[in-house]
Amino acid sequence: MTTPDQTPASYRYTSTLAGDIERRWQDRWDAEGTFEAPNPVGDLAGEITGEKYFIMDMFPYPSGAGLHVGHPLGYIATDVVGRYRRMRGDNVLHALGYDAFGLPAEIHAVQTGEHPRTNTVANIANMRRQLRRLGLAHDPRRSFATIDPDFVRWTQWIFLQIFEAWYDEEQGRARPISELRADYESGRRTAPDGAAWAELGPFERSILIDSVRLAYVDESPVNWCPGLGTVLANEEVTAEGRSERGNFPVFPRNLRQWKMRITAYSDRLIDDLERVDWPDSVKNMQRNWIGRSHGARVSFRVEGVAAPIDVFTTRPDTLFGATYAVLAPEHALVDELTTEEWPEDTPRLWTNGVATPAEAVAAYRAMAAAKTDLERQENRDKTGVFTGSFAINPVNDTRIPVFIADYVLTGYGTGAIMAVPAQDERDFEFAESYDLPIIRTVQPPEGFEGAYTGEGAAINSANAEVSLDGLGIAEAKEAIITWLQQRGAGEGTTTYRLRDWLFSRQRYWGEPFPIVYDELDQPIALPDSMLPVELPEVPDYSPKTYAPDDAGSEPEPPLARVPEWVNVQLDLGDGPRTYRRETNTMPNWAGSSWYELRYADPHNTDRLVDPDNERYWLGPRKPGETGGVDLYVGGVEHAVLHLLYARFWHKVLFDLGHVSSEEPFHKLFNQGYIQAEAFTDSRGVYVEADQVEKRDDGTFWFDGSSVSREYGKMGKSLKNAVTPDEMYEAYGADTLRVYEMAMGPLDVSRPWETRAVIGAQRFLQRVWRLLVDEDSGDLLVDDADLDAATLHVLHVTIDGVGGDLEGMRFNTAVAKLIELTNHLTKDGVRSRAAVEPLVLMLAPLAPHLAEELWSRLGHEESLTHAPFPVADPAHLASASVTCVVQVLGKVRGKIEVSPGITDEELTALALAEPNVVRSIDGREIRKIIVRAPKLVSVVV
RNA sequence: GCCGGGUUGGCGGAAUGGUAGACGCGACGGUCUCAAAAACCGUUGUCCGCAAGGGCGUGCGGGUUCGACUCCCGCACCCGGCACCA
């Protein structure tokens, strides 16, 4: 019930008024194309002024659940930066696309029978609506979704560029396959086995070429996930050996799959991290993931066997201490090394009590194969079995036994090691278990027991030709590598943890490969004119899935079930023939691996991106720089997945001359997460957080029962999502923006607190009330001159806010604007000279309110390109300064002084301050430190 | 185990080696109101004190300095990443 005298002021800045203002300005920005950024050439060409600035957000996956208030955090931050830079005169490119292929849409399609595109398009529309209401200054002409046929076409085109390229180690870059073919044809290059090109048949030639392509089909161990019915990249498998998505077990299986030769770029991917402006944590994660380690390959001759064992070691300096060798159970040489019978005097410990080496090895291999990654991780006891063979240590011709053991991994280095128990903890444990000799080759500290991995002088390390004794680790490594190279027994080398990128998935909702196979089963690229290859309609969107632990099951992608699409008649140059299409699809990382380029030229039908547009938006600003997007903001969860793949593709495109930038993202910023309280009942089940009652004694109640509080990522699963729509409704978009920016530093995660949002609204309300009469709506601004104190506060604020926005310290920028507002409010200062700069400074954070006030101040144009205020140094110094007087480091007095005061005058004033006099208490003054005009420190 | 980041009032957080706690939330007191809400004004690290003022205080223990949240050494705990990677 309302009565007339209870009606609130009609022009109070409430959520209703804010909503009116916000919708009005959003419509006007759209109508006027306010945020459209001109390109140098093409359909978006226009007059360019100012420096370019390219901002990107990690684009969203259009989930059916819609947004919660955690999602827009990064989008608001980039929007503030973009709006600030426009006011500084920059030509700002900022748009938002959608990463729209992916599993959730496919699952939804399987459940409903609805085409994933239908649902995805609806979700994108809903997300666009929610985001538009935030007032983001995006160029709407540059938005796209990775599922758009126009976009898919170029994803497929890039795939073919990679397919039609090889890595020239000599030049350190990718080159087109056509150049390799030309080299072979002209005889400048011969096949690795020495065969001449002319002597090879067409099939052999294809095999030779296919074996070096950057995108290739390979039968090798991959991560097969029966529960999902698809294979997964290493990056998509958790440390526990389960799928990152769905948490199903993953099994190693040999399968024919597409891979990308990302390992060719290992060095550049590591080295160029030094050239980009990224958080150290992410750089470290990428370095770790690539896992470069320098060491040596050493060849061990084996008695009675032709092939030597090649091992990789990072400690070649300890070679004299190698007392046995170990192969991974899956190593190719194991069968050859396994002897007929146990050698005489073989300790029973080494045979596992089995009658023959063959049986013992077979049993051990079977046991190792049955172990999941998780079991391997839980049980790190060193086990193994002797093969019956002996290798010869090249430095001293000692016979050393060869074991297989599952602590040696098949995928790393050469899959074989020399074991040096004295200097390696794992080898030490194994040697203890199997009673193997331990020879120290590095002098440990007095009384040290066990494996010594620290620095020290080499000992026991000399033969007739070389002595390492007395050398430190680094010199010893160098000396032994030189010796090994002279003897042909080894060489210095580098290995990597990174594996080639598994690029095919047995899914429907992804990009089809632009590849067909001929009758010899060789992959053939489709010509550009046939792109994009579009997805066929299918009866069933899901791949065949199996019981999660059915390791022996076979992948069957949905596309394989559409024979009329799979088997196709094409004329690829030598008349119409029947081909078989690739039925796998690309992983959903494909679109995000190059989308930065498409923002720069979103409608180009002739090229991926016009070189002029690419050079303008992404090219290096100075020679020697990498170039790339000027600011890229997103969550840290993509530190090694998306960000590594995108760098790889970008570098291939650079090598092939399609882009001028060497890196996709020059500056990366990881925003934190918005967390939220979640509540569980006595069974541990989450209850609706917004229905929990908080009592004054600090307890929480739901439906009459006590519940307990925890903090977690906001979302549906914890039942604690707060939607932006609720916030628009209750406070308005500007309030939500200011609150999210004021909560704390952008890169730190922090809990959401709806009740604290009111503070942001009160601030905006105060600004509004300063300029506008709440009852009449009249402008209250006058043209009075500013007093000295106000001038000082104003210019200090201008100086600070500009720097804070520049440095993405949005929380302190908001605090400074609040201080200025409070100062003006308290003194009743409504002068145009003060409120106009305030409105301009507020504009990046609360653009709708700022536009409305700016227009009420009499400006007809949007303030989007109005100049951001510049501080006048003359007003940065204030008329008087508070000087702190310390006695023995403790503050004992404060005196107001003029900023220009001399050290002598200040010292005299300080020593006269009554409380300082009392504190000194007549003691002798030993020293006085003066930092005029702020500080005097007295030492007694 | 290794690598990276962190620990400041009731809460979120602020502090080029120079007044610790800006700004906001909450709480408490007040103005307005018949009352309440909203809004506005004031107080708010903690202890002693009527006050003036003083003691203590940035995870813990040391150190450097006239002066340390800040720099150095050691430790604890929390978060993230990697992990039998030779």
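Throughout, protein chains are lettered first and strands after them, A, B, ... in sequence-line order, and every chain is numbered starting at 1. Here the structure is a predicted model, which is why all the values come from computation and not from measurement.
- Look at CE on A:M285: it is 14 Å from C1' on B:rC2, rounded to the nearest Å.
- Here the side chain of A:Y673 pairs no donor or acceptor atom with the backbone of A:M714 at under 3.5 angstrom.
- Between the side chains of A:E729 and A:S15, no donor-acceptor pair of N or O atoms lies under 3.5 Å.
- A cation-pi geometry, defined here as NZ or CZ lying under 6.0 Å from the six-membered ring centre and within 45° of its normal, holds between A:R647 and A:W278.
- Nearest to the side chain of A:T314, among B:rA86, B:rG4, B:rG18, sits B:rA86.
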request  = Scan nucleotides 19-32 of chain B nucleotide by nucleotide, 5' to 3', and note B when protein non-hydrogen atoms come under 4.0 Å of the base, S if they reach only the sugar-phosphate, - if neither.
outcome  = BS-BSSSS------

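- With B:rC66, B:rA86, B:rG4 as the choices, the nucleotide that has an atom nearest any side-chain atom of A:V408 turns out to be B:rA86.
- In this structure, CG of A:L770 is placed 14 Å from C1' of B:rC40, rounded to the nearest angstrom.
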task = Could you provide the dot-bracket string of RNA chain B, using ( ) for intrastrand pairs, [ ] for crossing pairs and | for bases paired to another strand, with Watson-Crick or G-U pairs below 3.5 Å?
result = (((((((..(((.....[....)))((((((.......))))))((((....))))..(((((..]....))))))))))))....

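- Among B:rA39, B:rC84, B:rG54, the nucleotide with an atom closest to any side-chain atom of A:Q765 is B:rA39.
- Using a 4.0 Å heavy-atom cutoff across all strands shown, A:K382 reaches at least one base atom of the nucleic acid.
- Going from atom CD of A:E425 over to atom P of B:rC84 covers 14 Å, rounded to whole Å.
- Residues A:D310 and A:T414 have side chains that never bring a donor and an acceptor to within less than 3.5 angstrom of each other.
- Between A:R315 and A:D317 there is a salt bridge, since a side-chain N of the basic residue sits under 4.0 Å from a carboxylate O of the acidic one.
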